[in-house]
Amino acid sequence: MGRGELEELVVSLGEPKYRASQIFKALHQRRRRSFDEITDLPKSFREILAQRAEVSRLTVESRYVSTDGTRRYLMKTADGKPVETVYIPTEGRDTICFSSQSGCPLKCDFCLTAKLGLLKNLSVGEIVEQIIIVLNDVYGAGAETPHGTNLVGMGAGEPFLNFENLIDALRLMADESGLFIVPDRVTVSTAGIVPKIHDLANLHDRPHLAISLSAANDELRNKLMPINKRWDLDELMKVAREFEKSLRRGERFTFEYVMLGGVNDSAKDADQLADLLEMYRIRRVKVNLIPHNGAEQLDYAASTPEQVRQFKDILESRGVSAYVRTPRGRDIYAACGQLAAKAGA
Ligand code: SAH
């Protein structure tokens with residue numbers, strides 16, 4: 001619930017409006033997980049609330065910790081659908097990777113989440129609660145959100161096919177008397193839902209954007225990412241160009257490029273990518289190269305480190321900033337493209 005809805009609820013229960021602020025603070029800033037823990041509310045009101053409303057809709061089924069400190073949380077919604085969230089510690093800051101859908105309707109050929117199909121769109125609460133659960137696990141309830149916590153909407157699902165809930169959840173999380181994770185600390189990733197990229201460009205207080213590209217020609221992209229048949233590279237580059245115009249001072253956006261051995265990682269592919277950016281005059285972008293994370297059901301191999309380096313060098317020689325993303329949590333199926341409600345590891 002947003003603040004408005006909370007106010008309506010407390011007023012409808014015959015309580016003064018300011019109770020809504022107390023509840024909001026307790027649930028979001030203090031990250032309390034039940035009404036009973038909100039001890040600044042009268043006990044009788046806590047009991048009424050508990051009968052009328054719920055704090056939590058997610059339960060943690062299992063938690064896996066990688067040798068590199070990454071944690072993967074396998075959760076379940078109240079209606080039994082899997083949700084996965086990943087905690088990625090790096091020196092000096094934390095990143096939490098959340099999911100926007102249970103499963104995913106897109107059929108990217110190299111991604112394990114795709115094999116689940118779409119199970120459901122997550123609600124606003126189910127998105128926010130993932131972050132609350134992770135922060136409580138790492139820092140305990142009651143502690144303030146550590147300064148510098150980053151969020152990435154790069155877990156399971158296509159965030160831009162659950163756009164309204166995504167944006168509402170980000171608004172709730174940005175609230176100063178809540179989690180206080182501002183949009184500047186958030187990046188959302190899309191496989192290329194063109195109309196929603198347009199909408200995001202026009203949104204005040206928007207998060208940063210990443211677009212998963214992974215191929216620089218339609219023939220290959222159609223095969224790797226079938227969403228390309230709905231919105232092709234021409235449409236995607238045009239909207240990316242439009243998005244570029246909405247960038248703030250010093251801001252850039254990102255193209256993600258999964259590196260698939262022998263498939264999209266040749267010198268020719270790198271040149272084609274640089275050509276594409278040149279053709280559409282896209283400049284304020286960086287390319288994140290993601291070595292493919294394997295799984296038994298996937299028919300792809302990661303590019304060799306030499307191929308990745310060559311690809312990066314070619315992009316840079318053509319004036320395109322390129323970075324190689326270090327895989328995190330591969331051993332516990334927590335890395336990009338590995339979230340498939342897998343138990344074990
Ligand atoms: N659906 C959105 C959000 C998911 S982000 C999107 O596609 O952008 C997850 C990122 O991991 C995407 O860039 C995706 O292309 C990448 N990815 C998918 N499977 C992968 C794999 N097996 N190895 C490495 N990266 C993968």
Side-chain angles (χ1 to χ4, degrees), residues 70 72 83-86 88 95-119 121-122 127 130 150-163 165-166 186-194 196-197 200 207-216 220-221 223-228 230-231 236 239-240 243 253-261 263-265 285-303 307-308 311 323-331 333-340 342:
T70 301
R72 176 168 69 102
V83 176
E84 281 174 273
T85 317
V86 180
I88 309 156
T95 301
I96 299 170
C97 177
F98 66 90
S99 295
S100 51
Q101 298 183 312
S102 177
C104 185
L106 304 183
K107 296 187 163 51
C108 302
D109 206 34
F110 46 78
C111 180
L112 206 55
T113 311
K115 311 291 178 211
L116 293 175
L118 177 66
L119 302 172
N121 269 336
L122 298 183
I127 295 174
Q130 293 174 58
N150 293 320
L151 298 185
V152 293
M154 300 186 180
E158 168 48 51
F160 285 17
L161 291 178
N162 190 16
F163 193 74
N165 287 352
L166 170 79
V186 182
T187 303
V188 290
S189 178
T190 178
I193 310 300
V194 165
K196 297 298 170 195
I197 298 175
L200 190 75
H208 302 291
L209 174 70
I211 299 174
S212 299
L213 196 60
S214 296
L220 182 58
R221 198 163 188 271
K223 187 170 165 281
L224 297 178
M225 301 179 67
I227 191 70
N228 195 67
R230 178 70 181 79
W231 293 286
L236 187 58
V239 82
F243 188 83
F253 72 107
T254 305
F255 279 126
E256 292 154 296
Y257 195 100
V258 182
M259 299 286 294
L260 306 165
V263 175
N264 65 355
D265 63 348
V285 76
K286 57 186 174 189
V287 176
N288 268 358
L289 302 172
I290 314 176
H292 184 253
N293 298 304
E296 235 167 72
Q297 297 107 296
L298 299 175
D299 284 335
Y300 293 93
S303 304
Q307 285 298 125
V308 176
F311 201 94
Y323 302 86
V324 180
R325 187 181 291 172
T326 315
R328 298 291 303 267
R330 263 186 184 166
D331 55 336
Y333 291 96
C336 300
Q338 290 190 315
L339 301 182
K342 238 180 156 73

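The analysis underlying the following values was restricted to heavy atoms, covering all of them including side chains, and did not include hydrogens, waters or symmetry mates. Counting starts at 1 for both ligands and their atoms, in listed order. The structure displayed is predicted, hence computed values, not measured ones.
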So if I apply the side chain to side chain contact (heavy atoms under 4.5 Å, CB included) rule between Tyr257 and each of Asp265, Asn288, Ile290, Asn264, which one comes out positive? Asn264
Using a heavy-atom cut-off of under 4.0 Å, does the side chain or the backbone of Phe110 touch ligand 1, or both, or neither? both
When you look for heavy atoms under 4.0 Å from ligand 1, do you find them on the side chain of Leu106, its backbone, both, or neither?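 Under 4.0 Å from ligand 1, Leu106 contributes no heavy atoms.
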Can an N or O of Glu158 be found at a distance shorter than 3.5 Å from an N or O of ligand 1? yes
Just distances here: any N/O of Pro291 and N/O of ligand 1 closer than 3.5 Å?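 Min N/O separation from ligand 1 is not below 3.5 Å for Pro291.
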Nearest neighbour in protein (non-hydrogen) for [atom]:
atom: atom 4 (C) of ligand 1; result: Gly155 O, 3.7 Å
atom: atom 10 (C) of ligand 1; result: Glu256 OE2, 4.2 Å
atom: atom 23 (N) of ligand 1; result: Asn293 N, 2.8 Å
atom: atom 16 (C) of ligand 1; result: Val258 CG2, 3.7 Å
atom: atom 9 (C) of ligand 1; result: Met154 O, 3.7 Å
atom: atom 19 (N) of ligand 1; result: Gly337 CA, 3.1 Å
atom: atom 11 (O) of ligand 1; result: Cys336 CB, 3.4 Å

What is the minimum heavy-atom distance between Arg221 and Trp231, and which atoms define it?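 Smallest heavy-atom distance, with atoms named: NH1-O, 4.3 Å.
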Does any non-hydrogen side-chain atom of Leu289 lie less than 4.5 Å from one of Arg325?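 SC-SC contact between Arg325 and Leu289 ruled out.
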Within the 4.0 Å heavy-atom shell around Ile290, which atoms of ligand 1 are there?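 The list of qualifying atoms is 24 (C), 25 (N).
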Which atoms of ligand 1 are found less than 4.0 Å from any heavy atom of Thr190? 6 (C), 8 (O)
Quick check against the 3.5 Å criterion: does Asn162 have a side-chain atom that pairs as donor or acceptor with the backbone of Ser100?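 Yes; judged by distance alone, with no hydrogens or angles, the pair exists.
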Cys111, Ala191, Ser212, Gly157: member with heavy atom nearest to atom 3 (C) of ligand 1: Gly157
Side chain to side chain contact (heavy atoms under 4.5 Å, CB included), that's the test. Do Ser214 and Met225 meet it? Break it down for me. CA-CA 8 Å; Ser214 296; Met225 301 179 67; 4.2 Å; yes
For residues Ser212 and Glu256, is any side-chain donor paired with an opposing acceptor at under 3.5 Å? yes
With no hydrogens and no angle check, do the side chains of Asp109 and Tyr300 hold a donor and an acceptor under 3.5 Å apart?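 A pair is found: one side chain offers a donor N or O, the other an acceptor, under 3.5 Å apart.
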Show, in sequence, the C-alpha distance, side-chain angles and deciding distance for Ile211 and Ser189, and conclude whether the side chain to side chain contact (heavy atoms under 4.5 Å, CB included) test is met. CA-CA 6 Å; Ile211 299 174; Ser189 178; over 6 Å; no
Residues two or more places apart in sequence or in another chain: which of them pass salt bridge (Lys or Arg N to Asp or Glu O under 4.0 Å) with Arg230? none
